[in-house]
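In what follows, chains are A, B, ... by sequence order, proteins preceding strands, each numbered from 1. The structure presented is a predicted model; accordingly, all values stated were derived computationally and were not measured. We use all heavy atoms of the structure for the numbers below, so side chains are in, but hydrogens, waters and symmetry mates are not.
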Protein chains: 2
Amino acid sequence: MKRIAESTVRRLSIYLGFLEDINRRGTTTVSSEQLAKLGGTTSAQVRKDLSLFGSFGKRGLGYSVAELLGRLRQIMGLERRWRVCIIGAGKIGAALAQFEGFAQRGFDVVAVYDSNPARIGEMLGELRIRDVAFLERDAETEKFDIAVLAIPPRGAQKMADRVGRAGIGAILNFVAGQLTAPPKVAMRTVDMAMELEALSFALTNRD
Amino acid sequence: MKRIAESTVRRLSIYLGFLEDINRRGTTTVSSEQLAKLGGTTSAQVRKDLSLFGSFGKRGLGYSVAELLGRLRQIMGLERRWRVCIIGAGKIGAALAQFEGFAQRGFDVVAVYDSNPARIGEMLGELRIRDVAFLERDAETEKFDIAVLAIPPRGAQKMADRVGRAGIGAILNFVAGQLTAPPKVAMRTVDMAMELEALSFALTNRD
DNA sequence: ATAAGTTTGTGAATGATTTCACAAGCGTCA
DNA sequence: TGACGCTTGTGAAATCATTCACAAACTTAT
């Protein structure tokens, strides 16, 4: 299959969210125009995005909500649940560990790690904070799919490399600053300071 | 000035981070090639990005770290500090309120709001949680520049609109689902579930 | 003072993404 | 059935972003 642009993936995710809404409302059919309105894009864009994966619509009618929902889930790999471990039980890590939004969307947080002896053993919601020394051992038996990195920048690259060597295929990175994805590992970075800087830029350079 | 692409702004933010590092190390000069290596891009890209705002380099030598740092801060609007209020003192909002990364980069969290009477009045670090009913009144006197939205999706659009009417010029949105920026308000959305979905896609469709 | 070695700034070329525009397919209604 | 109205799927065109490539400008060495 041809390479799919990151912007396309983001939009698919958006469409998926709308379809879940629409489906809950009981509507059975939706047009590219309606999806476009909801997502702030154009109907041509919606159709192009979907056409990368096949022809799911009916001319004159639109898309079957149920079918498109299924297809998108399939395309996005959301027909299964994913096992997520969180590395770093600080403020951000702890908040993420208890964030309900993850489970709702198919991502189960199954382990939380920290390196601080004072925190290891504490409970965080349902989960007991584990010693990150056991990461590799646990990854072996518990088959984590995704690691969320929420630790201080110091040592973050080393930890990312450990994640890669432990056979975990993806990283969601909350560490600010440069971090290179280990080989064969998919990584997405959420840099909140960078988002604020983008707002600062927008506020400063608005006409 | 011509419109600057979002991708460019993101890179400027990255360069800025590197320059701060480099400056701390005492290096006085840097080439586009070095910046490119650090940021995982090309030297031509770096020069193009910078050339959108002027000619800051010296041929044969590169850029003065101190000067480029100053210029970038100026371009990004980071010569001043920004006043940030956080709306929603749940898990995410509380974590953000105590996130040191913001202050380090020039963003001062000066107020936290919630609508839950049980939480109003509690301390969150240095800040007392205020009743969101006072948002507009406070915005008047305290001149918030940016509102961080960390509330449940229900009612989020209404809250965003209130932020806009209160004269706050920018929103950093952590609410999942569709949210339209009020008129004249710059908005950036951080959707963690969407990031995880992108990883799910990558894991599912890797070759 | 000149030559050799760097590195910038920028048009031109390429590549990627979005938008346009329309033929073709489908449902509805008379 | 046939005509009409709607909506898809998709090449072609337009727009946007990145990379190439090189003259010009600077430093350093001799």
Side-chain angles (χ1 to χ4, degrees), chain A residues 1-16 18-19 22 27-72 75 194 198 201-202 205, chain B residues 1-15 18-19 22 27-72 75 198 201-202 205:
Chain A
M1 189 202 294
K2 66 197 114 355
R3 193 190 143 272
I4 305 298
E6 176 170 320
S7 51
T8 305
V9 176
R10 206 179 54 232
R11 284 192 302 267
L12 292 178
S13 203
I14 292 174
Y15 304 152
L16 186 56
F18 293 146
L19 284 168
I22 293 169
T27 308
T28 62
T29 232
V30 69
S31 71
S32 59
E33 186 59 38
Q34 292 173 291
L35 281 174
K37 281 261 171 54
L38 290 168
T41 179
T42 66
S43 63
Q45 181 76 79
V46 172
R47 295 196 300 277
K48 230 355 161 218
D49 287 341
L50 297 179
S51 77
L52 295 170
F53 303 95
S55 304
F56 311 138
K58 275 207 173 50
R59 292 168 192 234
L61 191 57
Y63 301 87
S64 148
V65 173
E67 188 202 335
L68 189 53
L69 198 47
R71 295 299 200 112
L72 278 182
I75 290 163
M194 193 175 293
F201 179 87
N205 298 287
Chain B
M1 188 201 294
K2 65 198 113 1
R3 194 192 141 273
I4 305 297
E6 176 165 316
S7 51
T8 305
V9 176
R10 207 180 53 232
R11 283 193 301 267
L12 292 177
S13 203
I14 292 174
Y15 304 152
F18 293 146
L19 284 168
I22 292 169
T27 308
T28 61
T29 232
V30 68
S31 70
S32 58
E33 186 59 38
Q34 293 173 290
L35 281 175
K37 281 262 173 54
L38 290 168
T41 179
T42 66
S43 63
Q45 181 76 78
V46 173
R47 294 197 300 276
K48 243 322 177 237
D49 287 341
L50 297 178
S51 77
L52 294 171
F53 303 94
S55 303
F56 310 139
K58 275 208 171 50
R59 291 167 193 232
L61 190 58
Y63 301 87
S64 148
V65 172
E67 189 202 335
L68 189 53
L69 199 47
R71 296 299 200 112
L72 278 182
I75 290 164
F201 179 86
N205 299 287

Which letter, B, S or -, goes with each nucleotide of nucleotides 24-30 of chain D from 5' to 3', with contact meaning a protein heavy atom under 4.0 Å? BBB----
Would you list the protein and nucleotides 2-4 of chain C atom pairs, both N or O, that sit under 3.5 Å from each other?
none

OP1 or OP2 of dG9(C) versus the side-chain N and O atoms of Tyr63(B): is any pair under 4.0 Å? yes
Rounded to whole Å, how long is the line connecting atom CG of Leu52(A) with atom C1' of dT17(C)? 11 Å
Rounded to the nearest 0.5 Å, how far does OG1 of Thr8(B) lie from CZ of Phe201(A)? 8.5 Å
Separation of dA17(D) atom C1' from Arg3(B) atom CZ, nearest Å, is 11 Å
Within residues 33-50 of chain A: residues closer than 4.0 Å to DNA chain D (heavy atoms): Arg47(A), Lys48(A)
Regarding Ser32(B), tell me which of base, sugar-phosphate or nothing describes its non-hydrogen contacts under 4.0 Å with the strands shown. sugar-phosphate
Does Ile4(A) form a side-chain contact (heavy atoms from CB on, under 4.5 Å) with Leu52(A)? I'd like the steps, not just the answer. CA-CA 8 Å; Ile4(A) 305 298; Leu52(A) 295 170; 4.1 Å; yes
In whole angstroms, how far is the C1' atom of dT19(D) from the CZ atom of Arg11(B)? 12 Å
What pairs with Leu68(A) under side chain to side chain contact (heavy atoms under 4.5 Å, CB included), at least two apart in sequence or on another chain? Leu19(A), Leu35(A), Leu50(A), Phe56(A), Tyr63(A), Leu72(A)
Which value, rounded to the nearest 0.5 Å, describes the distance between Arg11(A) atom CZ and Gln45(A) atom CD? 3.5 Å
Quick check: closest heavy atoms across Ile14(B) and Gly39(B), and the distance to 0.1 Å? CG2-CA, 4.3 Å
From Leu12(B) CG over to Ser7(B) OG, what is the distance, rounded to the nearest 0.5 angstrom? 9.5 Å
Which residue, Ala5(A) or Gly57(B), contacts DNA chain C at a nucleotide closer to its 5' end, judged by nearest heavy atom? Gly57(B)
From OG (Ser32(A)) to NZ (Lys37(A)), nearest 0.5 Å: 10.5 Å
Any chance you could lay out the side-chain contact (heavy atoms from CB on, under 4.5 Å) test for Ile22(B) and Leu38(B), step after step, and finish with the verdict? CA-CA 11 Å; Ile22(B) 292 169; Leu38(B) 290 168; 4.0 Å; yes
Nearest whole angstrom, please: distance from the P of dA16(C) to the CZ of Arg10(A). 18 Å
Could you walk me through whether Leu69(A) and Tyr15(A) satisfy the side-chain contact (heavy atoms from CB on, under 4.5 Å) test, starting with their C-alpha distance in whole Å, then the side-chain angles of each, then the deciding distance to 0.1 Å, before giving a yes or no? CA-CA 9 Å; Leu69(A) 198 47; Tyr15(A) 304 152; over 6 Å; no
Applying salt bridge (charged side-chain N to carboxylate O under 4.0 Å, His left out) as the test, list every pair that has at least one member in residues 56-71 of chain B; sequence neighbours left out. Glu67(B)-Arg71(B)
Side chain to side chain contact (heavy atoms under 4.5 Å, CB included) involving Ser31(B) - partner list, sequence neighbours excluded: Glu33(B), Gln34(B)
